[in-house]
Amino acid sequence: MRDKQGDTQQMNIIVVGAGYVGLTTACCLANSKHRVTCVETNKAKLKLLEQGLSPIRENGINRLLKQGLASDGLSFAPSLPKPLQVDIAMITVGTPSLPNGAAALSYVYYAAQELRNATEQDLILAIKSTVPPGTGARLIKRYFENTPITYVSNPEFLREGQAIWDWYHPSRIVIGAEDKQTADKIRQLYFDIDAPVVLTDITSAETIKYASNAFLVTKISFINEIANLCEAVDANIDGVTKGIGLDPRIGPDFLHAGLGYGGSCFPKDARALDSSALNKGYDFRLLKATIEANTRQRIMAIHKLKQALGDLAGKEIALLGLAFKPDTDDIREAPFLDIIHLLYEEGVKLRIYDPKAMENARPLLPTDITFAPDLHSATTGANAVVLVTEWQEFIQADWQSIKEQMQEPYVILDGRNALAQNKLIGLGFRYIGIGRRVQT
Ligand code: UGA
């Protein structure tokens, strides 16, 4: 069903949590003329937000934030107003990983409890936080039975860095609700967005979110495995990817071989689904294999470097790219974290550089790793360069002048298959990609 609502009813909304999802949600809903209050308990963040400054990097967020504050449609608060007089409350707090891989739900439980305590009149509670299937049913039983709160699952599919664009151009709106009237009210939130609507029950909506991320990580690990196979059989991943991606049943997206996925969502959600399935008595073996393949992908990069450089102890290596993907300073579960520690253990002399994520990485790394101020300082004198994040700055770099400042054997491990292989080989680099046929 493709469903564009004509009804532009303005609603009063409270959004609990001003992280990537919460702040995007609050700003976009205010931009659509709803009246939104966003609760943020962290005092430093709250202060920034009240001044119209975003604590997160997200394209376009500062503009929406300032507009929202100026129009009075958006405000921030340190806690829930009591009594709470809104049409819809949204929980957007984080669900990080517990040490055993399960999703930590303490922020969700706390927000749910607070909302129950503050609510005296009918309201819909829509949860956007990523919570394992069955969580909504438990929350209803624990907190919301015989209260004026009607619970809905309304997962998000926003990509970091493109979240605002994704908000206005979603591939679908998923609403898990117990009755149609409640679902219709949630649909009205998005009155100005043209997208197919999937109406389902709460647990199925929760499952859609995890299944989407599980499918995407499986696709990434699958293409990484095919890239490894290409190396074994002397095929070329670039042609193979094109050849399979043209089949509409497969599609070209998320078939980019590399050092594996990172970020604040994919790794944690894959582990949480695996853990939650096991808890319910189901061993999700395909997902386990996907997670394992992602870890192995980082380790294989070290083997490739050893093949090219011999003993790594004392070798000078420049590692380029710390952010988990380009155009963000987010380093959560970024591939470099695994790679750098493996190289460090081998006794490599490391210099690292990233256009935006250096300060976030500093507290996590040994102090004898050199943080280079720019690309050339990182690569000068290096025996090898390892490209971990495909920033445009690296793709468009003057590799000839970089090579002139490097030392033999001029290895470049292109961990994202992002660089012009033939050009680099022409310049005298020893190019190693991920599943790209070695040119001689
Ligand atoms: C991801 C999903 O794409 C969103 O739909 C989802 O809403 C979000 O997680 C979430 O659960 O909140 P995001 O974490 O911003 O969004 O990152 P992506 O742009 O999807 O990339 C994730 C990782 O996969 C990156 O490390 C990227 O380098 C890697 N990747 C992606 C590959 O290695 N190969 C590919 O072909 C695509």
Side-chain angles (χ1 to χ4, degrees), residues 17 19-25 56-59 92-97 103 127-132 154-167 169-174 206 208-228 237-238 240-242 244-245 250-273 290-291 293-295 297-298 301 321-339 354 357 387-391 414-418 433-435:
Y20 279 91
V21 174
L23 190 56
T24 304
T25 300
I56 56 158
R57 281 173 62 90
E58 189 59 60
N59 283 327
T92 56
V93 296
T95 52
S97 269
I127 178 146
K128 282 203 171 290
S129 305
T130 301
V131 294
N154 179 212
E156 54 79 26
F157 304 95
L158 308 173
R159 289 164 298 177
E160 212 173 294
Q162 288 151 278
I164 292 172
W165 198 93
D166 285 348
W167 177 278
H169 306 88
S171 48
R172 72 288 205 199
I173 294 170
V174 174
E206 294 166 341
I208 288 170
K209 169 67 192 192
Y210 274 101
S212 300
N213 279 1
F215 185 83
L216 293 172
V217 295
T218 305
K219 211 171 171 190
I220 296 171
S221 278
F222 177 82
I223 202 64
N224 285 337
E225 294 276 61
I226 294 293
N228 300 340
I237 190 67
D238 294 336
V240 172
T241 303
K242 192 166 178 202
I244 64 172
I250 298 173
D253 295 337
F254 273 71
L255 283 183
H256 207 103
L259 296 170
Y261 57 82
S264 65
C265 303
F266 280 172
K268 104 175 153 64
D269 291 351
R271 287 192 298 267
L273 184 59
T290 292
I291 296 168
N294 199 54
T295 307
Q297 205 63 11
R298 312 336 190 195
L322 308 177
F324 84 93
K325 63 179 182 180
D327 303 319
T328 173
D329 62 355
D330 193 340
I331 57 159
R332 286 176 287 177
E333 303 218 27
F336 90 91
L337 288 162
D338 294 327
I339 290 167
D354 184 283
L387 184 129
V388 182
T389 315
E390 65 278 34
W391 286 95
D414 179 1
R416 292 291 168 190
N417 287 352
I434 311 291

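Each ligand, and each atom within it, is numbered from 1 in the order the structure gives.
The distance from ligand 1 to the heavy atoms of Arg159 drops below 4.0 Å at these ligand atoms: 3 (O), 4 (C), 15 (O), 16 (O). The distance from ligand 1 to the heavy atoms of Glu156 drops below 4.0 Å at these ligand atoms: 7 (O), 12 (O). The contact set between ligand 1 and Asp269, taken as ligand atoms under 4.0 Å from a residue heavy atom, comprises 11 (O). For ligand 1, the atoms closer than 4.0 angstrom to any heavy atom of Asn213 are 6 (C), 10 (C), 11 (O).
In this structure, a donor-acceptor pair under 3.5 Å is present between the side chains of Ser212 and Arg172.
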Item to check | Candidate pair Glu160 and Arg57, rule salt bridge (charged side-chain N to carboxylate O under 4.0 Å, His left out), full reasoning | outcome: CA-CA 9 Å; Glu160 212 173 294; Arg57 281 173 62 90; over 6 Å; no
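Proximity of Gly258 to ligand 1 is not established, as no heavy-atom distance is less than 4.0 Å. Residue contacts with ligand 1 do not include Glu390, since none of its heavy atoms lies under 4.0 Å from the ligand. No heavy atom of Thr130 sits closer than 4.0 Å to any atom of ligand 1. Ligand 1 has Lys209 within reach: a non-hydrogen atom of the residue lies less than 4.0 Å from it. In this structure, Cys265 has a heavy atom closer than 4.0 Å to ligand 1.
Nearest protein heavy-atom contact of atom 8 (C) of ligand 1 is Leu158 O, 3.4 Å. Looking only at protein heavy atoms, the nearest one to atom 34 (N) of ligand 1 is His256 O, 3.0 Å. Scanning all protein heavy atoms for the shortest distance to atom 27 (C) of ligand 1 gives Phe324 O, 4.3 Å. Of the protein's non-hydrogen atoms, Phe157 O, 3.2 Å is the one closest to atom 5 (O) of ligand 1. Looking at atom 23 (C) of ligand 1, its nearest protein heavy atom turns out to be Gly262 O, 3.7 Å. Closest to atom 20 (O) of ligand 1, if we only count protein heavy atoms, is Phe254 CZ, 3.4 Å.
When side chains are defined from C-beta on, Tyr210 counts as touching Thr130, because their heavy atoms get closer than 4.5 Å. At least one side-chain heavy atom of Ile291 sits under 4.5 Å from a side-chain heavy atom of Tyr261.
Without hydrogens or angle criteria, Lys209 side chain to Glu156 main chain gives a donor-acceptor distance under 3.5 Å. Proximity of a side-chain donor or acceptor of Asp166 to a complementary backbone N or O of Arg159 within less than 3.5 Å is detected.
Nearest-residue assignment for atom 22 (C) of ligand 1 (options Tyr20, Tyr261, Phe266; heavy-atom criterion): Phe266. The closest non-hydrogen atom to atom 15 (O) of ligand 1, taken over Arg416, Glu333, Glu160, Arg332, comes from Glu160.
The residues Lys325 and Glu390 are annotated as not salt-bridged, no charged nitrogen and carboxylate oxygen being separated by less than 4.0 angstrom. A salt bridge links Arg271 with Glu333: at least one charged nitrogen is closer than 4.0 Å to a carboxylate oxygen.
Annotation: the span from Leu259 atom CG to Arg416 atom CZ amounts to 5.0 Å, rounded to 0.5 Å. We find the CD1-CZ distance between Ile220 and Phe215 to be 11.0 Å, quoted to the nearest 0.5 Å.
Here Lys325 has side-chain heavy atoms under 4.0 Å from ligand 1, and that is the only part of it that gets that close. The side chain of Ile220, and not its backbone, has at least one atom closer than 4.0 Å to an atom of ligand 1 (non-hydrogen atoms only; side chain from C-beta on).
Between Ala357 and Asp354, the closest heavy-atom pair is N-OD1, 2.7 Å.
Of the options Asn228, Leu255, Asn417, Asn224, a side-chain contact (heavy atoms from CB on, under 4.5 Å) to Ile237 is made by Asn417 and by none of the others.
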